[in-house]
Amino acid sequence: MKSRDTAPASNFIRSIIEADIKANRNDGKVVTRFPPEPNGYLHIGHAKSICLNFGLAAEYGGTCHLRFDDTNPIKEEVEYIESIKHDVSWLGFDWGRHLYYASDYFGQLYECARELIRRGRAFVCDLSGEEIREYRGTLTEPGKDSPYRNRTVEENLDLFRRMKEGEFEEGSRVLRARIDMASGNLNMRDPVIYRILKAYHHRTGDKWCIYPMYDFAHCLSDSIEGITHSICTLEFEDHRPLYDWILDALDAENHPQQIEFARLNLTYTVMSKRKLMQLVDGGYVSGWDDPRMPTVSGLRRRGYTPASIRNFCEKIGVAKRDSVVDIALLEHCVRDDLNRRAPRAMGVLRPLRVVIENYPVDRTEELDAVNNPEDASAGTRKIPFSRVIYIERDDFREAPPKKFFRLAPGREVRLRYAYFVKCTGVVKDENTGEIKELRCTYDPETRGGESPPDGRKVKATLHWVSAEHAARVEVRLYDRLFSEPVPDRGKGGPDFMSFINPDSLEVLPECYVEPGLADAEPGSICQFERLGYFCVDTRDSKPGAPVFNRTVTLRDTWARIEKSRKKGKK
RNA sequence: UGGGGUGUCGUCAAGUGGUAAGACACGGGUCUUUGGCACCCGCAUUCCGAGGUUCGAAUCCUCGCACCCCAGCCA
């Protein structure tokens, strides 16, 4: 079933674009780009940017480019390029023929740098890294001019050429823009625009030993590609004057408009590459695609759908204020989507054996079950019923508290699609007192779960599985990674790692599911009725032995009642 | 008096001088062979604060306050 995406909401970027179109700027065209650096995996914060850039382009009949910002060969690898492409297209976006690499422009960028030198707007500086930092001044004090600032154009051109030829050591010289060492904006204090890096580049090999810095490469790449709106995150706001300065200094034909928005933060998780890396390296998660990770690959493995993520990105909006979105919204979005598309099934996570005493020993019935009440076209299936079944341990209480509607001694409930059953006995372990088994009787007049002719009503419907026919599987229950809503809040406070939730993963090796699920395909999804949405793990499932990941629980009114009761007692 | 940003419900977020949208969360209810879904009701007399302009201010002005970003030859 197709799920509709949320209708676009008003935001400041759309307003800007609409005003531009109205004024016929850029001939009314809209060209955006998503410019990841291939040095790591994408997370849901990137998804926000992807949805924004590709979404805007689609909405206004424009195009969105996928451009790898690969100007630092030391940190970048091809492996990431493939994973990023996979994630972007998995999210549902198509860059068509517009796949680019900043490294494709190295030649043009080099010429731009030479032109800047010719115009007296750039110079080769021999200061060491440390000296450059000293000359830069501080936040409150102006910097001072480099002694190399007034070299002649000829000398600069020659030196820059020789930098390119590999005549100088790494770190011995850089090319700097000649702007203003007294600027309040540190980015304008003669920023480095080219550095010597004798490193092998994953695309250009050993062709270059000088590489452009982000500020130089990015604006020019945008300009070369005819980008109209260059959308980035807030921390680049201070770079906008430099972005504009470079394009102006070169009289660039196309001068894109940089627009900044606030990056995404989510409760109960962390989003920075560095922090996620700490979780991976420390072995707190199984990898970048661990289902608890906020990475696109983690969400995918967890069972999140592209539509649910797109929807989420639309719902959170786009603005400039720092914010932390409640992860409950993400969970809402995935439930909303999965409710429409996930086939229902029954699975018992913590099995409790139930013997139906008045049901014939060797009888088995095939009962009809609805595959998806939200989608009639999904049809029905047959499920086996027999004398011994499993139900959820949570669905029985020997001494039921108020508002507990489920099974209890002497009480009658419905087994979904099967029969009404009444609890007639509890079998316990003599020593431990642990409940080993329940004895029940069933009412043959309630076949299919229908109400009996006498009009008896029942307050609960339980899921169950026939012991003889069920498939035994492993189920993994995931919870939030951190116990604090904002684990990395504030400096000086406790380190975010101290808030790791020790119970974020619970493995249940002995669960029982409908026989039809024994061969469930990795990646397939389902709803275990009354429990939640699950997907078959793509990494650890084996043929005939699926491993189920819980994507998200169903909303659970009873659990909330119990929780608030516990709180009340405290 | 370094520069640049941002402050609207618990959390996101519209609003652009005409009298505070929506979503999530939360609380209550209807329905129910999922305590799911769906549906209904409630949830900011007030927009960081204080002044001012105006018939009228979240929107304009003034002065404060708080928070975020910037001193990589990272992006």
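Numbered from 1 within each chain, the chains take letters A, B, ... in sequence-line order.
Look at the C1' atom in both B:G28 and B:G64: the space between them is 43 Å, to the nearest Å. Distance check on atom P: B:C68 versus B:G22 gives 32 Å, rounded to whole Å. Rounded to whole Å, the P atom of B:G49 lies 14 Å from the corresponding atom of B:G7. Comparing the same atom, C1', in B:G10 and in B:G27 gives a spacing of 13 Å after rounding to whole Å. Taking atom C1' on both B:C43 and B:A25, the two are 11 Å apart, rounded to the nearest angstrom. With both ends at atom C1', the span from B:C26 to B:C9 equals 12 Å, rounded to whole Å. Separating the C1' atom of B:C63 from that of B:A23 is a span of 36 Å, rounded to the nearest Å. For B:A57 and B:U16, the P atoms lie 15 Å apart once the distance is rounded to whole Å.
A straight line from NE2 of A:His239 to C1' of B:C74 spans 10 Å, rounded to a whole angstrom. Per the geometry, CG belonging to A:Asp326 stands 14 Å off C1' belonging to B:A13, to the nearest Å. Between the CH2 atom of A:Trp558 and the P atom of B:G35 there is a distance of 13 Å, given to the nearest Å.
Heavy atoms of A:Arg321 sit under 4.0 angstrom from at least one base atom. Across all strands, A:Arg133 comes closer than 4.0 Å only to sugar-phosphate atoms, never to a base (heavy-atom distances). Using a 4.0 Å heavy-atom cutoff across all strands shown, A:Ser10 reaches sugar-phosphate atoms only and no base atom. Across all strands, A:His218 comes closer than 4.0 Å to no nucleic acid atom at all (heavy-atom distances). No engagement by A:Lys459 is indicated, since no non-hydrogen atom pair under 4.0 Å with the nucleic acid exists. Looking at heavy-atom distances under 4.0 Å, A:Gln527 makes contact with a base. Looking at heavy-atom distances under 4.0 Å, A:Val192 makes contact with sugar-phosphate atoms alone, never a base. Among the protein residues, A:Phe404 comes within range of the nucleic acid bases, having at least one heavy atom under 4.0 Å from a base atom. Within 4.0 Å of A:Ile316, counting heavy atoms only, lie sugar-phosphate atoms of the nucleic acid but no base atom. Nucleic acid contact class of A:Arg555 (heavy atoms, under 4.0 Å, all strands): sugar-phosphate only. Residue contacts shown for A:Arg560 are limited to sugar-phosphate atoms, with no base heavy atom under 4.0 Å away. The residue A:Lys75 sits close to a base: some heavy atom pair falls under 4.0 Å. At a threshold of 4.0 angstrom between heavy atoms, the contacts of A:Val370 with the nucleic acid are absent. The residue A:Leu266 sits apart from the nucleic acid: no heavy atom pair falls under 4.0 Å.
For A:Lys403, the NZ atom is loosely surrounded, since the number of other residues' heavy atoms within 6.0 Å does not exceed 12.
The aromatic rings of A:Phe528 and A:Phe534 lie tilted to each other, with the angle between the two planes from 30° to 60°. Using bins of under 30°, 30° to 60° and over 60° for the plane-to-plane angle, the ring pair A:His218/A:Tyr243 lands in the tilted bin.
Between the SG atom of A:Cys209 and the CD atom of A:Glu169 there is a distance of 10.5 Å, given to the nearest 0.5 Å.
An anti orientation is assigned to B:G15, its glycosidic angle lying beyond 90° of 0.
Using a 4.0 Å cut-off between a side-chain N of Lys or Arg and a carboxylate O of Asp or Glu, A:Asp488 and A:Lys275 qualify as a salt bridge.
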Test A:Arg176 against A:Ser146 for side chain to side chain contact (heavy atoms under 4.5 Å, CB included), laying out the working first.
CA-CA 10 Å; A:Arg176 293 226 251 167; A:Ser146 160; 3.6 Å; yes
